[in-house]
Amino acid sequence: MSQMEMPLVIFTVLSQTAVGLVAISAIRQHAADGPAGSVRPEWMTAVLLLIAGLVASLFHLGHPLGAPMAIKHLGNAWLSREALGIGVFTALVIVGFLSARGRVNAGLSFAAAAVGLIALFFTGMTYSPPGFPALNNVMPFVFFLLTAAMVGAGFASYFTPAEKMPMITRILAVSLIVGLVVYLVVPFLWLSGGTVMRQTGLNYIFSPLYWARIVVGLVVPLIAIWRMRTVPAWVPVLVLAGELIGRIAFFSLAVHASANMGGIY
Amino acid sequence: MKKQLAFYIDAKRCIGCFTCAMACKNQYHQESGVIWRDVYELKEEIYPHRERAFYSLACNHCENPTCLNVCPVVAYYKREADGVVVHEQDKCIGCGNCIRSCPYGAPRYNPVLKRAEKCSFCWQRLDDDRKPACVLSCPTEALQIVDLAEFDEANAVQYPAGFPRYPSLNPSVRFRLPAMPKMIRRKL
Ligand code: SF4
Ligand code: SF4
(Lines give C-alpha, C1' and ligand atoms only; values in the text may rest on other atoms or scores of the structure.)
(Ligands and ions follow the chains in the order given, each with its own letter.)
Protein backbone atom coordinates (compact mmCIF):
# COMPACT_ATOMS: atom_id res chain seq x y z
CA MET A 1 0.00 0.00 0.00
CA SER A 2 1.33 3.40 -0.88
CA GLN A 3 1.85 5.72 2.07
CA MET A 4 -0.81 7.94 0.50
CA GLU A 5 -3.52 5.54 1.53
CA MET A 6 -2.94 5.01 5.25
CA PRO A 7 -4.72 8.33 5.97
CA LEU A 8 -7.67 7.05 3.95
CA VAL A 9 -7.74 3.85 6.01
CA ILE A 10 -7.96 5.90 9.19
CA PHE A 11 -10.38 8.49 7.83
CA THR A 12 -12.86 5.99 6.37
CA VAL A 13 -12.88 3.61 9.35
CA LEU A 14 -13.15 6.35 12.00
CA SER A 15 -15.81 8.36 10.19
CA GLN A 16 -17.86 5.21 9.55
CA THR A 17 -17.52 4.25 13.21
CA ALA A 18 -18.92 7.68 14.13
CA VAL A 19 -21.87 7.17 11.76
CA GLY A 20 -22.64 3.80 13.34
CA LEU A 21 -22.23 5.16 16.87
CA VAL A 22 -24.63 8.05 16.25
CA ALA A 23 -27.20 5.89 14.44
CA ILE A 24 -27.23 3.30 17.23
CA SER A 25 -27.31 6.02 19.86
CA ALA A 26 -30.40 7.53 18.17
CA ILE A 27 -32.15 4.15 18.16
CA ARG A 28 -31.17 3.35 21.74
CA GLN A 29 -32.34 6.72 23.07
CA HIS A 30 -35.53 7.18 21.15
CA ALA A 31 -36.72 3.88 19.72
CA ALA A 32 -36.39 1.69 22.81
CA ASP A 33 -37.89 2.13 26.26
CA GLY A 34 -35.65 2.57 29.30
CA PRO A 35 -32.65 4.71 30.24
CA ALA A 36 -30.74 6.46 27.46
CA GLY A 37 -27.22 5.66 28.66
CA SER A 38 -24.18 7.96 28.70
CA VAL A 39 -25.24 9.96 25.68
CA ARG A 40 -23.02 13.02 26.08
CA PRO A 41 -19.72 11.08 26.30
CA GLU A 42 -20.97 8.94 23.42
CA TRP A 43 -21.51 11.92 21.15
CA MET A 44 -18.25 13.44 22.30
CA THR A 45 -16.55 10.19 21.22
CA ALA A 46 -18.23 10.52 17.82
CA VAL A 47 -16.96 14.12 17.55
CA LEU A 48 -13.42 13.03 18.45
CA LEU A 49 -13.53 10.15 15.96
CA LEU A 50 -14.67 12.52 13.23
CA ILE A 51 -12.03 15.12 14.03
CA ALA A 52 -9.29 12.48 14.12
CA GLY A 53 -10.57 11.08 10.80
CA LEU A 54 -10.75 14.49 9.16
CA VAL A 55 -7.23 15.39 10.31
CA ALA A 56 -5.97 12.04 8.97
CA SER A 57 -7.72 12.67 5.63
CA LEU A 58 -5.70 15.86 5.14
CA PHE A 59 -2.48 13.84 5.12
CA HIS A 60 -3.72 12.01 2.07
CA LEU A 61 -3.83 15.20 0.03
CA GLY A 62 -0.74 16.40 -1.80
CA HIS A 63 -1.89 19.92 -0.91
CA PRO A 64 -3.86 19.80 2.37
CA LEU A 65 -4.55 23.55 2.30
CA GLY A 66 -6.66 22.97 -0.79
CA ALA A 67 -9.06 20.72 1.17
CA PRO A 68 -11.84 23.36 1.39
CA MET A 69 -11.90 23.43 -2.43
CA ALA A 70 -12.92 19.76 -2.44
CA ILE A 71 -16.63 20.63 -2.39
CA LYS A 72 -16.41 22.50 -5.71
CA HIS A 73 -17.69 19.70 -7.92
CA LEU A 74 -20.96 18.67 -6.22
CA GLY A 75 -22.66 18.28 -9.60
CA ASN A 76 -20.53 15.26 -10.60
CA ALA A 77 -17.86 14.23 -8.13
CA TRP A 78 -18.86 11.82 -5.37
CA LEU A 79 -15.77 12.95 -3.45
CA SER A 80 -17.18 16.49 -3.29
CA ARG A 81 -20.51 15.13 -2.09
CA GLU A 82 -18.69 12.98 0.47
CA ALA A 83 -16.73 15.99 1.77
CA LEU A 84 -19.95 18.00 2.12
CA GLY A 85 -21.84 15.07 3.67
CA ILE A 86 -19.17 14.36 6.28
CA GLY A 87 -18.88 18.10 6.99
CA VAL A 88 -22.63 18.48 7.63
CA PHE A 89 -22.66 15.24 9.67
CA THR A 90 -19.78 16.49 11.83
CA ALA A 91 -21.57 19.81 12.41
CA LEU A 92 -24.78 18.01 13.46
CA VAL A 93 -22.89 15.71 15.82
CA ILE A 94 -21.14 18.68 17.42
CA VAL A 95 -24.50 20.45 17.89
CA GLY A 96 -25.90 17.20 19.33
CA PHE A 97 -23.02 16.90 21.77
CA LEU A 98 -23.25 20.53 22.87
CA SER A 99 -27.02 20.47 23.31
CA ALA A 100 -27.27 17.04 24.99
CA ARG A 101 -29.02 17.10 28.36
CA GLY A 102 -29.26 13.43 29.29
CA ARG A 103 -30.44 12.77 25.74
CA VAL A 104 -29.92 14.38 22.37
CA ASN A 105 -33.13 15.83 20.90
CA ALA A 106 -34.90 13.06 18.93
CA GLY A 107 -35.20 15.05 15.69
CA LEU A 108 -31.53 16.03 15.82
CA SER A 109 -30.46 12.45 16.65
CA PHE A 110 -32.28 10.95 13.69
CA ALA A 111 -31.30 13.82 11.36
CA ALA A 112 -27.63 13.31 12.26
CA ALA A 113 -27.96 9.54 11.75
CA ALA A 114 -29.66 10.02 8.37
CA VAL A 115 -27.06 12.53 7.15
CA GLY A 116 -24.30 10.20 8.37
CA LEU A 117 -25.75 7.31 6.41
CA ILE A 118 -26.11 9.47 3.30
CA ALA A 119 -22.46 10.58 3.70
CA LEU A 120 -21.50 6.92 4.07
CA PHE A 121 -23.28 6.18 0.78
CA PHE A 122 -21.30 8.99 -0.87
CA THR A 123 -18.08 7.46 0.49
CA GLY A 124 -19.15 4.12 -0.98
CA MET A 125 -19.61 5.74 -4.40
CA THR A 126 -16.25 7.55 -4.15
CA TYR A 127 -14.38 4.30 -3.61
CA SER A 128 -16.08 2.31 -6.36
CA PRO A 129 -14.32 3.79 -9.42
CA PRO A 130 -14.06 2.21 -12.90
CA GLY A 131 -10.32 1.79 -12.29
CA PHE A 132 -10.92 -1.16 -9.94
CA PRO A 133 -13.29 -3.66 -11.58
CA ALA A 134 -13.69 -5.66 -8.34
CA LEU A 135 -14.86 -2.54 -6.51
CA ASN A 136 -16.73 -0.77 -9.31
CA ASN A 137 -20.05 -1.92 -7.83
CA VAL A 138 -22.09 -1.78 -4.63
CA MET A 139 -19.51 -3.65 -2.52
CA PRO A 140 -17.60 -0.64 -1.09
CA PHE A 141 -20.92 0.76 0.20
CA VAL A 142 -21.74 -2.63 1.75
CA PHE A 143 -18.27 -2.88 3.35
CA PHE A 144 -18.59 0.63 4.76
CA LEU A 145 -22.09 -0.01 6.08
CA LEU A 146 -20.79 -3.10 7.84
CA THR A 147 -17.98 -1.07 9.40
CA ALA A 148 -20.54 1.41 10.73
CA ALA A 149 -22.72 -1.39 12.12
CA MET A 150 -19.91 -3.49 13.63
CA VAL A 151 -17.54 -0.91 15.08
CA GLY A 152 -20.39 1.52 15.78
CA ALA A 153 -22.30 -1.09 17.80
CA GLY A 154 -19.09 -2.18 19.51
CA PHE A 155 -18.28 1.36 20.64
CA ALA A 156 -21.92 2.03 21.57
CA SER A 157 -21.67 -0.81 24.11
CA TYR A 158 -19.38 1.42 26.22
CA PHE A 159 -22.20 3.93 26.68
CA THR A 160 -25.13 1.55 26.99
CA PRO A 161 -26.91 0.95 30.33
CA ALA A 162 -27.14 -2.65 31.55
CA GLU A 163 -30.88 -2.78 30.69
CA LYS A 164 -30.15 -2.25 27.04
CA MET A 165 -27.03 -4.36 26.70
CA PRO A 166 -28.99 -7.33 25.27
CA MET A 167 -30.17 -5.08 22.42
CA ILE A 168 -26.66 -3.81 21.63
CA THR A 169 -25.26 -7.35 21.92
CA ARG A 170 -27.84 -8.56 19.40
CA ILE A 171 -27.09 -5.72 16.96
CA LEU A 172 -23.36 -6.40 17.17
CA ALA A 173 -23.76 -10.19 16.86
CA VAL A 174 -26.01 -9.93 13.80
CA SER A 175 -23.68 -7.38 12.17
CA LEU A 176 -20.68 -9.62 12.80
CA ILE A 177 -22.44 -12.67 11.34
CA VAL A 178 -23.49 -10.72 8.22
CA GLY A 179 -19.94 -9.31 7.98
CA LEU A 180 -18.42 -12.76 8.26
CA VAL A 181 -20.63 -14.15 5.50
CA VAL A 182 -20.00 -11.17 3.20
CA TYR A 183 -16.23 -11.20 3.72
CA LEU A 184 -15.96 -14.96 3.27
CA VAL A 185 -18.06 -14.97 0.10
CA VAL A 186 -16.99 -11.85 -1.83
CA PRO A 187 -13.35 -12.72 -2.69
CA PHE A 188 -14.52 -16.09 -3.98
CA LEU A 189 -17.16 -14.39 -6.13
CA TRP A 190 -14.45 -12.19 -7.59
CA LEU A 191 -12.79 -15.37 -8.88
CA SER A 192 -15.51 -15.67 -11.50
CA GLY A 193 -14.78 -12.20 -12.95
CA GLY A 194 -12.37 -11.14 -15.69
CA THR A 195 -8.59 -11.30 -15.29
CA VAL A 196 -8.29 -8.20 -13.10
CA MET A 197 -11.21 -9.00 -10.81
CA ARG A 198 -10.05 -12.60 -10.50
CA GLN A 199 -6.56 -11.41 -9.55
CA THR A 200 -8.11 -9.22 -6.85
CA GLY A 201 -9.92 -12.29 -5.50
CA LEU A 202 -6.68 -14.31 -5.51
CA ASN A 203 -4.80 -11.46 -3.80
CA TYR A 204 -7.39 -11.51 -1.04
CA ILE A 205 -7.49 -15.26 -0.60
CA PHE A 206 -3.70 -15.55 -0.38
CA SER A 207 -3.20 -12.48 1.81
CA PRO A 208 -2.53 -12.82 5.56
CA LEU A 209 -4.25 -9.42 5.90
CA TYR A 210 -7.53 -10.90 4.70
CA TRP A 211 -7.41 -13.88 7.05
CA ALA A 212 -6.16 -11.76 9.98
CA ARG A 213 -9.15 -9.49 9.46
CA ILE A 214 -11.56 -12.45 9.44
CA VAL A 215 -10.10 -13.95 12.62
CA VAL A 216 -9.33 -10.79 14.61
CA GLY A 217 -12.28 -8.65 13.62
CA LEU A 218 -15.04 -11.21 13.12
CA VAL A 219 -14.48 -14.75 14.42
CA VAL A 220 -12.89 -14.00 17.82
CA PRO A 221 -15.41 -11.24 18.68
CA LEU A 222 -18.30 -13.52 17.67
CA ILE A 223 -17.03 -16.38 19.84
CA ALA A 224 -16.51 -13.99 22.77
CA ILE A 225 -20.04 -12.57 22.47
CA TRP A 226 -21.56 -16.02 22.08
CA ARG A 227 -19.81 -17.40 25.15
CA MET A 228 -20.25 -14.37 27.42
CA ARG A 229 -23.72 -13.36 26.19
CA THR A 230 -22.68 -9.71 26.33
CA VAL A 231 -20.02 -7.42 24.83
CA PRO A 232 -16.81 -7.59 26.88
CA ALA A 233 -14.89 -4.29 26.92
CA TRP A 234 -12.02 -5.64 24.80
CA VAL A 235 -14.24 -6.82 21.95
CA PRO A 236 -14.89 -3.40 20.34
CA VAL A 237 -11.13 -2.76 20.29
CA LEU A 238 -10.64 -6.04 18.46
CA VAL A 239 -13.46 -5.28 16.02
CA LEU A 240 -11.87 -1.89 15.31
CA ALA A 241 -8.46 -3.51 14.78
CA GLY A 242 -10.07 -6.01 12.39
CA GLU A 243 -11.69 -3.20 10.42
CA LEU A 244 -8.41 -1.29 10.16
CA ILE A 245 -6.64 -4.41 8.87
CA GLY A 246 -9.55 -5.04 6.49
CA ARG A 247 -9.38 -1.48 5.19
CA ILE A 248 -5.65 -1.77 4.58
CA ALA A 249 -6.50 -4.89 2.54
CA PHE A 250 -9.21 -2.94 0.70
CA PHE A 251 -6.78 -0.23 -0.36
CA SER A 252 -3.79 -2.44 -1.08
CA LEU A 253 -5.06 -5.72 -2.58
CA ALA A 254 -7.46 -4.52 -5.28
CA VAL A 255 -5.87 -4.71 -8.74
CA HIS A 256 -6.15 -1.70 -11.07
CA ALA A 257 -7.60 -2.25 -14.54
CA SER A 258 -4.52 -0.79 -16.20
CA ALA A 259 -2.28 -3.46 -14.62
CA ASN A 260 -3.15 -5.97 -17.34
CA MET A 261 -2.66 -3.77 -20.42
CA GLY A 262 -1.75 -6.00 -23.37
CA GLY A 263 -3.33 -9.08 -21.75
CA ILE A 264 -6.81 -10.59 -21.95
CA TYR A 265 -9.34 -8.72 -19.83
CA MET B 1 -20.91 14.46 -34.18
CA LYS B 2 -18.72 17.25 -32.82
CA LYS B 3 -15.04 17.28 -33.57
CA GLN B 4 -13.25 14.77 -31.31
CA LEU B 5 -9.55 14.25 -31.73
CA ALA B 6 -8.31 10.73 -31.10
CA PHE B 7 -5.11 8.73 -31.31
CA TYR B 8 -5.11 6.11 -34.05
CA ILE B 9 -2.84 3.25 -33.08
CA ASP B 10 -1.79 1.19 -36.05
CA ALA B 11 -0.51 -2.00 -34.47
CA LYS B 12 0.24 -3.36 -37.93
CA ARG B 13 2.93 -0.74 -38.33
CA CYS B 14 4.17 -0.35 -34.74
CA ILE B 15 7.60 -1.86 -34.19
CA GLY B 16 7.73 -1.24 -30.44
CA CYS B 17 10.66 1.18 -30.65
CA PHE B 18 9.40 3.47 -27.83
CA THR B 19 10.26 6.60 -29.83
CA CYS B 20 6.79 8.06 -29.10
CA ALA B 21 7.22 7.54 -25.36
CA MET B 22 10.70 9.09 -25.49
CA ALA B 23 9.43 12.05 -27.54
CA CYS B 24 6.83 12.71 -24.84
CA LYS B 25 9.52 12.52 -22.18
CA ASN B 26 11.72 14.81 -24.20
CA GLN B 27 8.95 17.34 -24.65
CA TYR B 28 7.77 17.53 -21.04
CA HIS B 29 10.66 16.21 -18.92
CA GLN B 30 8.37 14.40 -16.48
CA GLU B 31 9.76 13.38 -13.12
CA SER B 32 11.37 9.99 -12.97
CA GLY B 33 8.70 7.29 -12.96
CA VAL B 34 5.95 9.63 -14.22
CA ILE B 35 4.88 8.30 -17.61
CA TRP B 36 2.28 9.89 -19.87
CA ARG B 37 2.73 7.56 -22.86
CA ASP B 38 3.85 3.97 -22.65
CA VAL B 39 4.28 1.15 -25.15
CA TYR B 40 2.66 -2.15 -24.11
CA GLU B 41 3.61 -5.47 -25.62
CA LEU B 42 0.71 -7.81 -26.37
CA LYS B 43 0.94 -10.89 -24.19
CA GLU B 44 1.44 -14.29 -25.73
CA GLU B 45 -2.14 -15.30 -24.91
CA ILE B 46 -3.27 -12.69 -27.45
CA TYR B 47 -0.43 -12.66 -29.94
CA PRO B 48 1.38 -16.02 -29.83
CA HIS B 49 4.00 -15.37 -32.51
CA ARG B 50 7.73 -15.01 -32.71
CA GLU B 51 7.06 -11.51 -34.06
CA ARG B 52 5.75 -9.24 -31.34
CA ALA B 53 2.98 -6.63 -31.37
CA PHE B 54 2.50 -3.42 -29.41
CA TYR B 55 0.03 -0.71 -28.44
CA SER B 56 1.35 2.77 -27.72
CA LEU B 57 -1.06 4.17 -25.14
CA ALA B 58 -1.65 7.43 -23.29
CA CYS B 59 -4.75 9.29 -22.14
CA ASN B 60 -7.67 8.56 -24.48
CA HIS B 61 -9.39 11.94 -24.08
CA CYS B 62 -12.64 10.10 -23.45
CA GLU B 63 -16.04 11.40 -24.52
CA ASN B 64 -17.20 10.99 -20.90
CA PRO B 65 -13.94 11.31 -18.94
CA THR B 66 -14.08 9.72 -15.52
CA CYS B 67 -11.05 11.78 -14.44
CA LEU B 68 -13.06 14.95 -15.01
CA ASN B 69 -16.19 13.55 -13.37
CA VAL B 70 -14.47 12.46 -10.16
CA CYS B 71 -12.17 15.42 -9.59
CA PRO B 72 -13.51 17.30 -6.53
CA VAL B 73 -11.84 20.60 -7.43
CA VAL B 74 -12.73 20.69 -11.15
CA ALA B 75 -9.10 20.52 -12.23
CA TYR B 76 -10.07 18.96 -15.58
CA TYR B 77 -11.98 20.37 -18.51
CA LYS B 78 -12.85 19.08 -21.95
CA ARG B 79 -12.20 21.43 -24.82
CA GLU B 80 -15.33 22.27 -26.82
CA ALA B 81 -13.40 22.73 -30.04
CA ASP B 82 -11.65 19.34 -30.27
CA GLY B 83 -12.63 17.19 -27.26
CA VAL B 84 -9.14 17.21 -25.74
CA VAL B 85 -9.27 16.58 -21.96
CA VAL B 86 -6.98 19.05 -20.19
CA HIS B 87 -5.70 18.79 -16.62
CA GLU B 88 -4.99 22.12 -14.95
CA GLN B 89 -2.27 21.16 -12.56
CA ASP B 90 -2.29 24.37 -10.54
CA LYS B 91 -5.87 23.64 -9.46
CA CYS B 92 -5.10 20.02 -8.43
CA ILE B 93 -4.89 19.28 -4.69
CA GLY B 94 -3.34 15.85 -5.21
CA CYS B 95 -6.18 13.74 -3.82
CA GLY B 96 -5.41 10.88 -6.20
CA ASN B 97 -9.06 10.31 -7.08
CA CYS B 98 -8.55 10.63 -10.84
CA ILE B 99 -5.54 8.29 -10.64
CA ARG B 100 -7.61 5.61 -8.93
CA SER B 101 -10.61 6.15 -11.15
CA CYS B 102 -9.26 6.18 -14.72
CA PRO B 103 -9.24 2.52 -15.82
CA TYR B 104 -6.58 3.32 -18.43
CA GLY B 105 -4.05 4.43 -15.82
CA ALA B 106 -3.51 7.73 -17.65
CA PRO B 107 -3.27 10.21 -14.75
CA ARG B 108 -0.12 9.70 -12.71
CA TYR B 109 1.07 11.13 -9.39
CA ASN B 110 3.94 13.57 -9.55
CA PRO B 111 5.74 12.97 -6.23
CA VAL B 112 7.66 16.25 -6.43
CA LEU B 113 4.76 18.58 -7.14
CA LYS B 114 2.39 16.31 -5.18
CA ARG B 115 -0.23 16.67 -7.89
CA ALA B 116 -1.64 14.50 -10.67
CA GLU B 117 -0.70 14.93 -14.33
CA LYS B 118 -1.38 13.26 -17.65
CA CYS B 119 -1.07 13.44 -21.43
CA SER B 120 -2.26 16.83 -22.65
CA PHE B 121 -2.53 15.78 -26.33
CA CYS B 122 0.06 18.54 -26.68
CA TRP B 123 -2.84 21.00 -26.95
CA GLN B 124 -0.46 23.96 -27.11
CA ARG B 125 1.15 22.39 -30.18
CA LEU B 126 -2.30 21.61 -31.65
CA ASP B 127 -3.26 25.27 -31.23
CA ASP B 128 -0.13 26.12 -33.18
CA ASP B 129 -1.09 23.71 -35.99
CA ARG B 130 1.57 21.24 -35.01
CA LYS B 131 1.23 17.55 -34.29
CA PRO B 132 1.67 16.11 -30.80
CA ALA B 133 5.30 15.24 -30.09
CA CYS B 134 4.61 11.48 -30.00
CA VAL B 135 2.75 11.47 -33.33
CA LEU B 136 5.42 13.61 -34.96
CA SER B 137 8.21 11.33 -33.78
CA CYS B 138 6.84 7.94 -34.83
CA PRO B 139 9.18 6.61 -37.54
CA THR B 140 6.60 4.23 -39.02
CA GLU B 141 3.54 6.49 -38.77
CA ALA B 142 1.98 3.88 -36.52
CA LEU B 143 0.71 6.61 -34.21
CA GLN B 144 -1.59 9.09 -35.84
CA ILE B 145 -4.13 11.70 -34.88
CA VAL B 146 -7.66 11.49 -36.30
CA ASP B 147 -10.96 13.33 -35.90
CA LEU B 148 -13.65 10.81 -34.95
CA ALA B 149 -16.33 13.04 -36.51
CA GLU B 150 -14.83 12.29 -39.90
CA PHE B 151 -12.89 9.09 -39.31
CA ASP B 152 -14.11 6.36 -41.61
CA GLU B 153 -11.76 3.41 -41.47
CA ALA B 154 -13.84 0.25 -41.75
CA ASN B 155 -11.26 -1.99 -40.10
CA ALA B 156 -10.60 0.24 -37.10
CA VAL B 157 -11.42 -1.21 -33.69
CA GLN B 158 -12.14 0.68 -30.47
CA TYR B 159 -11.62 -2.20 -28.04
CA PRO B 160 -9.06 -4.72 -29.32
CA ALA B 161 -7.92 -7.62 -27.13
CA GLY B 162 -5.44 -6.29 -24.58
CA PHE B 163 -7.23 -2.96 -24.12
CA PRO B 164 -9.86 -2.49 -21.39
CA ARG B 165 -13.42 -1.97 -22.59
CA TYR B 166 -15.28 0.91 -20.89
CA PRO B 167 -18.20 2.01 -23.09
CA SER B 168 -19.41 4.41 -20.40
CA LEU B 169 -16.21 6.43 -20.86
CA ASN B 170 -16.14 5.99 -24.66
CA PRO B 171 -12.36 6.42 -25.02
CA SER B 172 -11.37 8.46 -28.08
CA VAL B 173 -8.94 5.96 -29.53
CA ARG B 174 -8.99 3.58 -32.50
CA PHE B 175 -6.73 0.68 -33.35
CA ARG B 176 -5.68 -1.25 -36.42
CA LEU B 177 -5.05 -4.81 -35.33
CA PRO B 178 -1.56 -6.27 -35.69
CA ALA B 179 -0.93 -8.42 -38.74
CA MET B 180 -0.99 -12.16 -38.32
CA PRO B 181 2.39 -13.40 -39.54
CA LYS B 182 2.38 -15.67 -42.56
CA MET B 183 3.62 -19.14 -41.68
CA ILE B 184 5.65 -20.70 -44.45
CA ARG B 185 6.31 -24.36 -43.92
CA ARG B 186 8.47 -26.42 -46.21
CA LYS B 187 6.79 -29.54 -47.51
CA LEU B 188 8.62 -32.65 -46.43
S1 SF4 C 1 -8.23 7.98 -20.46
FE2 SF4 C 1 -8.49 8.40 -18.27
S3 SF4 C 1 -7.42 10.33 -17.95
FE4 SF4 C 1 -7.78 10.17 -20.15
S5 SF4 C 1 -9.73 11.23 -20.50
FE6 SF4 C 1 -10.21 9.06 -20.21
S7 SF4 C 1 -10.68 8.91 -18.04
FE8 SF4 C 1 -9.56 10.84 -18.31
S1 SF4 D 1 -5.51 14.32 -7.97
FE2 SF4 D 1 -5.90 16.44 -8.62
S3 SF4 D 1 -6.78 16.27 -10.64
FE4 SF4 D 1 -6.90 14.25 -9.71
S5 SF4 D 1 -8.95 14.19 -8.79
FE6 SF4 D 1 -7.54 14.90 -7.18
S7 SF4 D 1 -7.58 17.12 -7.31
FE8 SF4 D 1 -8.50 16.35 -9.21
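So you know, we letter chains A, B, ... as the sequences are listed, proteins then strands, and number each from 1. What you see below is based on every heavy atom in this structure, not just the backbone, and it leaves out hydrogens, waters and symmetry mates.
- For B/D90, the CG atom counts as densely surrounded, since its 6.0 Å shell holds more than 12 non-hydrogen atoms of other residues, nucleotides or ligands.
- Remark: side-chain polar atoms of A/H256 are paired, donor with acceptor, to backbone N or O of B/C102 under 3.5 angstrom.
- Ranking B/T66, B/V74, B/L169 against chain A, the residue ahead of the rest is B/V74, based on heavy-atom pairs under 4.5 Å.
- With respect to chain B, the highest number of heavy-atom pairs below 4.5 Å among A/S80, A/A254, A/A67 belongs to A/S80.
- Listed options A/G66, A/G75, A/P64, A/P129 were ranked by heavy-atom pairs under 4.5 angstrom with chain B; first place goes to A/P129.
- Heavy atoms only, all atoms of each residue included: B/Y104 and A/M261 are closest at O-CE, 3.6 Å.
- For the options B/N110, B/N97, B/I93, heavy-atom pairs under 4.5 Å to chain A are most numerous at B/I93.
- With a 4.5 Å cut-off on non-hydrogen atoms, A/S57 does not touch chain B at all.
- In this structure, the portion of B/E41 lying under 4.5 Å from any heavy atom of chain A is its backbone and not its side chain.
- For a residue to count as touching a neighbouring chain, one of its non-hydrogen atoms must lie under 4.5 Å from one of that chain's; by this rule B/V70 touches chain A with the backbone only.
- More than 12 heavy atoms of other residues, nucleotides or ligands shown are found within 6.0 angstrom of CE on A/M139.
- Residues B/P103 and A/P130 come closest through the heavy atom pair CB-O, 3.9 Å.
- Chain B forms the most heavy-atom pairs under 4.5 Å with one residue out of A/G262, A/G131, A/S258, and that residue is A/G262.
- Scanning both residues, A/N260 and B/K43, for their nearest heavy atoms gives OD1-NZ, 2.9 Å.
- Looking at A/H63, its side chain does come within 3.5 Å of a backbone N or O of B/L113 through a donor-acceptor pair.
- Interface remark: B/L57 contributes side-chain atoms only to the contact with chain A (heavy atom separation under 4.5 Å).
- With a 6.0 Å radius and a threshold of 12 heavy atoms from other residues, nucleotides or ligands, B/K114 has its NZ atom at or below the threshold.
- Counted within 6.0 Å of CD on B/Q124, heavy atoms from surrounding residues, nucleotides or ligands total more than 12; the atom is thus considered enclosed.
- Atom CZ of B/F151 is surrounded by more than 12 heavy atoms from other residues, nucleotides or ligands within 6.0 Å.
- For the side chain to side chain contact (heavy atoms under 4.5 Å, CB included) with B/P72, the qualifying choice from A/L74, A/L79, A/L84, A/N76 is A/L79, the only one to do so.
- Within the 4.5 angstrom heavy-atom criterion, only side-chain atoms of B/Y166, from C-beta onward, approach chain A.
- In this structure, B/E88 places its CD atom where more than 12 heavy-atom neighbours from other residues, nucleotides or ligands lie under 6.0 Å away.
- Proximity to chain B among residues 12-21 of chain A is not found for any residue, judged by heavy-atom separations below 4.5 angstrom.
- Dense packing is recorded around NZ of B/K25, with more than 12 heavy atoms of other residues, nucleotides or ligands lying under 6.0 Å away.
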